Amino acid sequence: MDPRYDPSAVEQRWQTTWEEEGLYAAGAGAHRPDTFVVMHPPPNISGSLTIGHVLQLSIEDTLVRWSRMRGYDTLFQPGYDHAGISTWAAIGRTLAKEGKSQRDLGREGFDAYVQEWLARYGGTIMSQFRWVGASLDYGRTRFTMDDGYYRAVIRWFVHLYRRGWIYRDNRISNWCPRDRTALSDLELEPEEVDDTLFFIGYPLADGSGHVTIATVRPATILADTAVAVHPDDERYRDLVGREVVVPYVERRVPIVADEQVDREFGTGALKVTPGHDPLDFEIGRAHGLDELVVIGLDGRMSAEAGELAGLTQQEAGERVIEWARERGLIERQEPYRHAVPTCERCHSRVEPLIMLQWWCAMDELAAPAIAAVEDGGVRFTPERFARVYLDWMRNVRPWCISRQIWWGHRIPVWYCPDGHLTVEEDAPAACAECGSAELRQEEDVLDTWFSSALYPFATLGWPDETPELASYYPGSVLATARDIIFLWVARMVFSGLELLGEKPFGDVLIHSTLLNPEGRRMSRTLGTGIDPEDALEPYGADATRYGLLKVTSTQDARFSFDSIEEGRRLAIKLWNVARLILANAGDARPEVAPRDLEERWILARIDAARAEADEHLARLELAPVTAVLYHLTFDDFCDWYAEAVKPRLYGGDGDARATALAALERLLALLHPVMPHVTEEIWTQLPVREARLIVSPWPEPDERFSADEHALDRVQEAAQIFRRSAVQVELGSDDERRIFAAVVRPERTRADGNADAEIARLRSEVARAEGMLANERFVANAPAEVVEAEQEKLERYRRELAALEGS
RNA sequence: GGGCGGUUAGCUCAGCUGGUAGAGCGCCUGCUUUACACGCAGGUGGCCGCAGGUUCGAGUCCUGCACCGCCCACCA
């Protein structure tokens, strides 16, 4: 073996070998009927890997490899997402450099361009997946726009349409004037802005006074169709049912009462603009108000704004205010800071506009998806995210699913010249209503998340009844960051329940969001992110995986190269101890032939670590696993076992050699899910191996040694005391004395004879324990085992103290 | 406005159903030449955010408060 471990060559070689030998394929190594399925969240085809993706892959791959070694039929599914608006916008930015836009290309020209673009930028992500060592079944890679998947999405649309839950309607929509498409509520991002709140008098139609309203958007006054007050508001009770005159347009509109009005805000009277505000829209529909629109798709005043047409809202607002001020209707104005919705992608201010869009009603879909989490069929880890999911699901509103872009699944609706709709999976020959053959397909495409929602089964061949679908649905664990609980997780749950009658996965693991070393959110656009290759290249995949898993928890985690450095040291340590054992193995073959204390002890320790790791992995806790492995390797295996057995290895003890090889095998197996490459590389150096480590059995516990987990406690205590004080403590057996001599080498110890400090320490421990045991209420009320433990501690301290003082 | 999370060693963080504080890194000291200085051994270092409460006993449970962060939100 090379004295120095160089991950770069080794890792790449194994990644290729495993894949070529088919060991990443679903079912590899399986010997039990259960399946373990992980759908890796499909990355945007337009993007590149972030360090957060590497964390996610590390978590998933560790669970997958662990399951594979335990004999499960595992499927780790890879794929890409076409990422509608995201890709659309990315291409827009590229085109802008040539002074063009997407729409300049025309629909077909755009299709051609996007294919070329994907060929150029699409391939890097999967090679980065491989670099991490993610054992995805690459041969099954799916794309959310491939033919089969496309068909699934269209089937889903038609299904919902026939259910009556998808409909086309003029509703208030979120319109991004820059991207020129509608957005769902989840694609908005609030942004704080400084506005002015104007208090404007609306004269009563009969001239008997006026009602004052507050607004930050005076331009929308042109589209006011009512004033609303709270029904219980004493101030306005008498005015309900009467009329006011809207300033500037001088239109008579009613005063209505609606409980959605906040009495505390402004004057308690609200101008109602159903065409340009979500709340006003609701009030308008409830009261049958007119829905006027005065703002166009470009965000400027439209033709309906009359003489103000073409002006910006700012300009139009100033004109309206000026008009009102001249007539003494401006009561006052004050600066006002508030959050307004913006497009999460381009940060333009989103216009709420009434427009014709496709909607999906959510009530019927949400009910079973709520039940699935309430009754524990779908579990969240950490649990608190179940509430986040439920709160959203219980208050979910209609989902706007149409987008006015050209990249995505085109809505399967055809219009005839008379405006009849035909909804079919395949292009119909004639209008279903009038028989007209002159059909035109809907221009809009579907929201990206409408298709992602099908991921857990569309990737398996749905709507066909494939063997994969039968075997691998539902999946096991979905690992994701918390930012897509609504966008994706929730939608997968309800689509799976609706189409297959079964939840898509049993566990949702919400892992840490990685922050940069300063504790700030990483952002590609701000350049505060970490390029995964900056870790993978110098440290290697094993170290990177280990380092990321170490810091992940139920909280956000700061990324740091320190933990990756620790992983690197672990890999090197493993490499070196393997060299020690292999160089001194002679012609021994791995066999559990324990004869002496240190061997039974290390086998017991490995078993205990395995049990601990199993427990944590079953609970989807990854960070504690790295700690268990680290201490097992460094402290138990290297610093104690290897040191203790070393003289016997040198001396040609066959049993010691055979057992050392067997113990090393088990250690490698335990580490493999986290650090697959270095462990597999060492594995191939072992004299006997029946298979690749990646598909070798997870170590079974050996009851013969479970009692020996603490066999070295006395020796370790004696060593501790000796190293601190140079005082020799009596040991009970020859084995113990031999191990002590092998591990505790006086010439490598400070041994400054500081027995006094040790005696003082033990005396204070004895005093503390005596104090507790003298407390009658403690002895009476504490559980028996706690009191016993305290007594044992006291006895041990007294024993050690006696040994020290006697010497 | 509503909700959630955090506050523990110089730094980054563990501490499950309450039993008298841990890890890694850093720092100090001493050890190298038959696995590894990418190493070994030892050590220093904590009113567990603040104030109350429950309890024989609180980092852990309860109530308030203070900062920091996140999510949701139609107060126009």
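Each chain gets a letter, A, B and so on, in the order the sequences are listed, and its residues count up from 1. What you are looking at is a predicted structure, and each value in this text was computed from that prediction instead of being measured.
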Proximity of A:Phe740 and A:Phe722 rings by center, below 6.0 Å: yes
B:G69 versus B:U32 - spacing of their C1' atoms, nearest Å: 47 Å
B:C68 versus B:C61 - spacing of their C1' atoms, nearest Å: 24 Å
A:Asp635 CG to B:G39 C1', straight-line distance once rounded to whole Å: 14 Å
Distance, P atom - from B:C65 to B:C4, rounded to whole angstrom: 14 Å
Out of B:G24, B:G3, B:A35, whichever nucleotide has its closest atom nearest the side chain of A:His631: B:G24
Ionic contact status for A:Asp636 with A:Arg605, cut-off 4.0 Å: yes
d(CG, A:Asp639; C1', B:G42) in whole Å: 13 Å
B:C16 to B:G22 separation - C1' atoms, rounded to the nearest Å: 15 Å
Donor-acceptor side-chain pairing of A:Glu187 and A:Ser184 below 3.5 angstrom: yes
A:Thr273 and A:Asp224: side chain donor to acceptor below 3.5 Å: yes
Atom pair distance, as rounded to whole Å: CE in A:Met1 and P in B:C36: 12 Å
Under-4.0 Å side-chain N/O to phosphate OP1/OP2 contact, A:Lys573 with B:C40: yes
Nearest to side-chain heavy atoms of A:Leu580, which nucleotide of B:C13, B:G42, B:A35: B:A35
Gap in Å between the two P atoms, one belonging to B:A9 and one to B:A23, rounded: 14 Å
Separation between the P atoms of B:C47 and B:U34, rounded to whole Å: 45 Å
From A:Leu509, A:Val388, A:Val489, residue fulfilling side-chain contact (heavy atoms from CB on, under 4.5 Å) relative to A:Phe380: A:Val489
A:Tyr539 and A:Phe561 aromatic ring geometry - parallel, tilted or perpendicular at 30°/60° bounds: parallel
Between B:G18 and B:G59 - C1' atom distance, rounded Å: 10 Å
Interatomic distance, A:Phe561 CZ vs B:G24 P [rounded to whole Å]: 22 Å
Lys/Arg N to Asp/Glu carboxylate O, A:Arg332 vs A:Glu334, below 4.0 Å: yes
Nucleotide B:C71, atom P - distance to CE of A:Met393 in whole Å: 20 Å
A:Asp185 and A:Arg397 ion-paired at < 4.0 Å: yes
Length of the NZ-P vector between A:Lys646 and B:C40, whole Å: 11 Å
Nearest-nucleotide comparison on RNA chain B, the residue closer to the 5′ end among A:Arg569 and A:Arg579: A:Arg569
Can you check nucleotides 58-62 of chain B for protein contacts, nitrogen or oxygen pairs under 3.5 Å, and list what you find?
none

A:Arg387 side-chain N/O to B:C4 phosphate OP1/OP2 under 4.0 Å: yes
Span that lies between the P atom of B:U54 and that of B:U17, in whole angstrom: 23 Å
Test: A:Lys646 and A:Glu643 ion pair at under 4.0 Å: yes
Atom pairs, N/O to N/O, protein against nucleotides 14-20 of chain B, distance under 3.5 Å?
| from | atom 1 | to | atom 2 | distance (Å) |
| --- | --- | --- | --- | --- |
| B:A14 | OP1 | A:Ser553 | OG | 3.2 |

Phosphate-side-chain proximity, A:Arg521 and B:G69, N/O vs OP1/OP2 below 4.0 Å: no
Donor-acceptor side-chain pairing of A:Thr196 and A:Gln333 below 3.5 angstrom: no
Donor/acceptor link under 3.5 angstrom from A:Glu643 side chain onto base of B:A35: yes
Ion pair A:Arg217/A:Glu351, N-O distance below 4.0 Å: yes
For A:Gln791, all residues meeting side-chain hydrogen bond (donor to acceptor under 3.5 Å, both in side chains), sequence neighbours excluded: none
Of A:Trp640 and A:Glu566, the one whose closest RNA chain B nucleotide lies more 5': A:Glu566
Phosphate-side-chain proximity, A:Arg724 and B:G43, N/O vs OP1/OP2 below 4.0 Å: yes
Minimum-distance nucleotide (side-chain atoms of A:Phe634 versus B:C56, B:C40, B:C70): B:C40
Partner residues of A:Tyr641 under the ring pair (Phe, Tyr, Trp, His ring centres under 6.0 Å) criterion, sequence neighbours left out: A:Phe637
Might you list the N or O atoms of the protein lying below 3.5 Å from N or O atoms in nucleotides 73-76 of chain B, with each pair's distance?
| from | atom 1 | to | atom 2 | distance (Å) |
| --- | --- | --- | --- | --- |
| B:C74 | OP1 | A:Arg397 | NH1 | 3.1 |
| B:C75 | O2 | A:Asp262 | OD2 | 2.1 |
| B:A76 | OP2 | A:Tyr336 | OH | 2.1 |
| B:A76 | N6 | A:Asp262 | O | 2.9 |
| B:A76 | N1 | A:Asp262 | N | 3.3 |

Pairing stems for RNA chain B [at least three consecutive pairs; Watson-Crick or G-U; under 3.5 angstrom]: B:1-7 with B:66-72, B:10-13 with B:22-25, B:27-31 with B:39-43, B:49-53 with B:61-65
Any side-chain donor near an acceptor of the partner, A:Asp195 and A:His338, under 3.5 Å: yes
N/O (side chain, A:Arg558) to phosphate O (OP1/OP2, B:U12) under 4.0 Å: yes
Whole-Å gap separating C1' (B:C72) and CD (A:Glu344): 15 Å
Sugar-phosphate only, base, or nothing, as touched by A:Asp391 at under 4.0 Å among non-hydrogen atoms: nothing
Among B:G43, B:C72, B:C36, the one nearest A:Phe486 by side-chain distance: B:C72
Value rounded to 0.5 Å, distance of CD in A:Gln357 from CG in A:Leu183: 9.5 Å
Side-chain ion pair, A:Glu282 and A:Arg285, N-O less than 4.0 Å: no
Aromatic ring pairing A:Tyr630/A:Tyr546, orientation class (parallel under 30°, perpendicular over 60°, tilted between): tilted
Length of the CZ-P vector between A:Arg568 and B:C36, whole Å: 16 Å
